[in-house]
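Take a look at the structure below.
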Amino acid sequence: YVLTPSQTVPTDFTYSAWYKSTAGGFLIGSSFYRMIAIATWCGGAPRISFPTSGNYPCDADTATYISATTLDGKWHHVVGVNSGNTQTLYFDGVLRGPGTKILNTSAGTILLGQSTSNGYFAGSLDDVRIYSRALSAAEITQLYNLGSAKFNVTPALPLTSGLVGWWTFDGKDVVNGVALDRSGNN
């Protein structure tokens, strides 16, 4: 997993990640309850959850989520966008779940592949990005198209406006077991 320095995420932000898993868990966790999880513990089918307030990805009052049958061991792209009090989920480049929730504005750390209390993500992550703005639908399509072509190869034309964290997990970007932030902000 990757632990980022403590930071205040703005009201408008975007999380983007490619994942491959058969078991789920937290793709992006945080100490201030903004996360993306593939929750297998909510009862029923797994769900991709994007809670932005509260602390539980199964809580419909604090989480925007979509039902997911995506634990197939294949690569998938998930994006959570927060714009004001509106959260939107995209899955494999397609808009899947808008919602309106109250945003937790606390500062804290962001964890890739882990939450603060619920263990590690059981799978692989690639091209994880954090933006300090809400990406448009066209930009999310661009991210999906950039990443769907290849894995373990850094995209040639990265979308960088507002990029505050970018972990490619490519071989050259992992040094002594540490994934390097390629956003230019650290």
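Basis for what follows: all heavy atoms, side chains included, without hydrogens, waters or symmetry-related copies.
Note that CG of L89 and CD1 of I140 are 10.0 Å apart. Values are rounded to the nearest 0.5 Å. Note that NE2 of H76 is 9.0 Å distant from CH2 of W18, once rounded to the nearest 0.5 Å. Summarising the geometry, atom OG1 belonging to T168 is positioned 7.0 Å from atom CZ belonging to R182; distances are rounded to the nearest 0.5 Å. Atoms CG and OG1, from N82 and T14 in turn, are 8.5 Å apart once rounded to the nearest 0.5 Å. One distance of note links CZ of R129 with CG of D181; it measures 11.5 Å at 0.5 Å rounding.
With S132 contributing its side chain and G162 its backbone, the two residues share a donor-acceptor pair below 3.5 Å. With hydrogens and angles ignored, the 3.5 Å screen pairs no side-chain donor or acceptor of T22 with any backbone N or O of G73. A donor-acceptor pair under 3.5 Å links the side-chain atoms of D72 to the main chain of K74, judged by distance alone. Under a 3.5 Å cut-off, the side chain of Y131 and the backbone N or O of L159 do form a donor-acceptor pair.
For the pair V174 and W167, the minimum side-chain heavy-atom distance is 4.5 Å or more.
Shown here are the side chain to side chain donor-acceptor pair (under 3.5 Å) partners of S136, two or more places apart in sequence or in another chain: E139. Residues forming a side-chain contact (heavy atoms from CB on, under 4.5 Å) with S124 (at least two apart in sequence, or on another chain): K20, W75. With sequence neighbours excluded, the residues forming a side-chain contact (heavy atoms from CB on, under 4.5 Å) with S83 are D12, A134, listed by chain and number.
Scanning both residues, H77 and S16, for their nearest heavy atoms gives NE2-OG, 2.9 Å. Taking all atoms of both residues into account, the shortest heavy-atom contact from Y144 to G93 is CD1-N, 3.7 Å.
Ring geometry for Y19 against F91 counts as tilted: the plane angle lies between 30° and 60°, on a 0 to 90° scale.
Other cluster members for L180: V175, joined by side-chain heavy-atom distances under 4.5 Å among Ile, Leu, Val, Met, Phe, Trp and Tyr. V178 belongs to no multi-residue hydrophobic cluster, having no ILVMFWY side-chain contact under 4.5 Å with any other such residue.
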Report the C-alpha separation of D127 and W166 in whole Å, then their side-chain angles, then the decisive distance to 0.1 Å, and conclude whether the side-chain contact (heavy atoms from CB on, under 4.5 Å) test is met.
-> CA-CA 7 Å; D127 196 27; W166 182 23; 2.5 Å; yes
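Among pairs with a residue in residues 80-94, none fulfils salt bridge (charged side-chain N to carboxylate O under 4.0 Å, His left out), at least two apart in sequence or across chains.
Each of L135, V78, I130 was evaluated against Y15; a single residue qualifies, I130, per the side chain to side chain contact (heavy atoms under 4.5 Å, CB included) test.
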